[in-house]
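What you are looking at is a predicted structure, and each value in this text was computed from that prediction instead of being measured. Note that ligands are numbered from 1 as they come in the structure, with each ligand's atoms numbered from 1 the same way.
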Amino acid sequence: MPDLSASSPAEAYAALLEGNARFVNGHRLHPNQDADRRSESAPRQHPFAVLFGCSDSRLAAEIIFDRGLGDLFVVRTAGHVAGAEVLGSVEYGVNVLGAPLVVVLGHDSCGAVTAASEAERGGVTPAGYIGDVVERVMPSVLSARAAGCTEVDQFVSVHIRRTVVGLVQRSALLANEIAAGRCAVVGLSYKLAEGTVSCVAVYGLAV
Ligand SMILES: [Zn+2]
């Protein structure tokens, strides 16, 4: 398994896709999951990607990309909604730890997107802080509906794209890294049943 700590955005993206392919075809290598890696990575971390994804229990990052300790700097919230703490965490992964890639990971049948869609139709926002999550997804649902979308999985694609754009627009630190060619942001949509990912948005990388 190559050392990816100093890789380019393109190399990091290729490594993620290769790991996902291993997961999909049942040939996982379980890299960087042993005692040697634990010892080697304990003093410092050099993750090759920041993964910002939905909290859905079926989206376990190191499993679906067949990676291990020290590989991914993971930030996950329901519906990958991005408040200030998320932006700070992504910036930490990129600007402090030097990760050359940020992945926004959404998925089909997303509960948060479905809840936002139902709230938009019914006019009722869920109780508690769940309502905050739904409100943060709502602009994506409205945008998708305005574009003629009717299915949840279409809303999901729009929400992933808007999340990618939002990260780049809101984080000057991240935008600077992209402009300098040191980082890229990719939006991936994951299929729960198949385990595959497809690219729906990209900044700073030719794919
Ligand atoms: Zn979800």
Handout entry: Shortest non-hydrogen separation from Ser7 to Pro100 and the atoms involved
Key =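 Looks like O-CG, 3.3 Å.
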
Practice task
Evaluate the ring planes of Tyr92 and Phe73, with Trp represented by its six-membered ring, and classify them as parallel (under 30°), tilted (30 to 60°) or perpendicular (over 60°).
Solution key: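 The rings of Tyr92 and Phe73 sit tilted, inter-plane angle from 30° to 60°.
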
Exercise for the section: Could you name all protein N, O or S atoms found under 2.8 Å from the Zn ion (ligand 1)? Expected result: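 Metal shell, protein only: Cys54 SG, His107 NE2, Cys110 SG.
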
Exercise for the section: Could you state whether Val86 and Leu173 fall into the same hydrophobic cluster, counting links through intermediate Ile, Leu, Val, Met, Phe, Trp or Tyr residues with side-chain heavy atoms under 4.5 angstrom apart? Expected result: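 No: no chain of side-chain contacts under 4.5 Å links Val86 to Leu173.
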
Handout entry: Residues Glu118, Arg121: salt bridge by 4.0 Å N-O rule
Key =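 No, no charged N to carboxylate O under 4.0 Å.
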
Handout entry: Qualifying salt bridge (charged side-chain N to carboxylate O under 4.0 Å, His left out) pairs with a residue from residues 177-198, counting only residues at least two apart or across chains
Key =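 Found Glu177-Arg182.
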
Handout entry: Val200 and its side-chain contact (heavy atoms from CB on, under 4.5 Å) partner, picked from Ile160, Val156, Leu188, Val104
Key =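 That would be Ile160; it is the only one of Ile160, Val156, Leu188, Val104 passing the side-chain contact (heavy atoms from CB on, under 4.5 Å) with Val200.
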
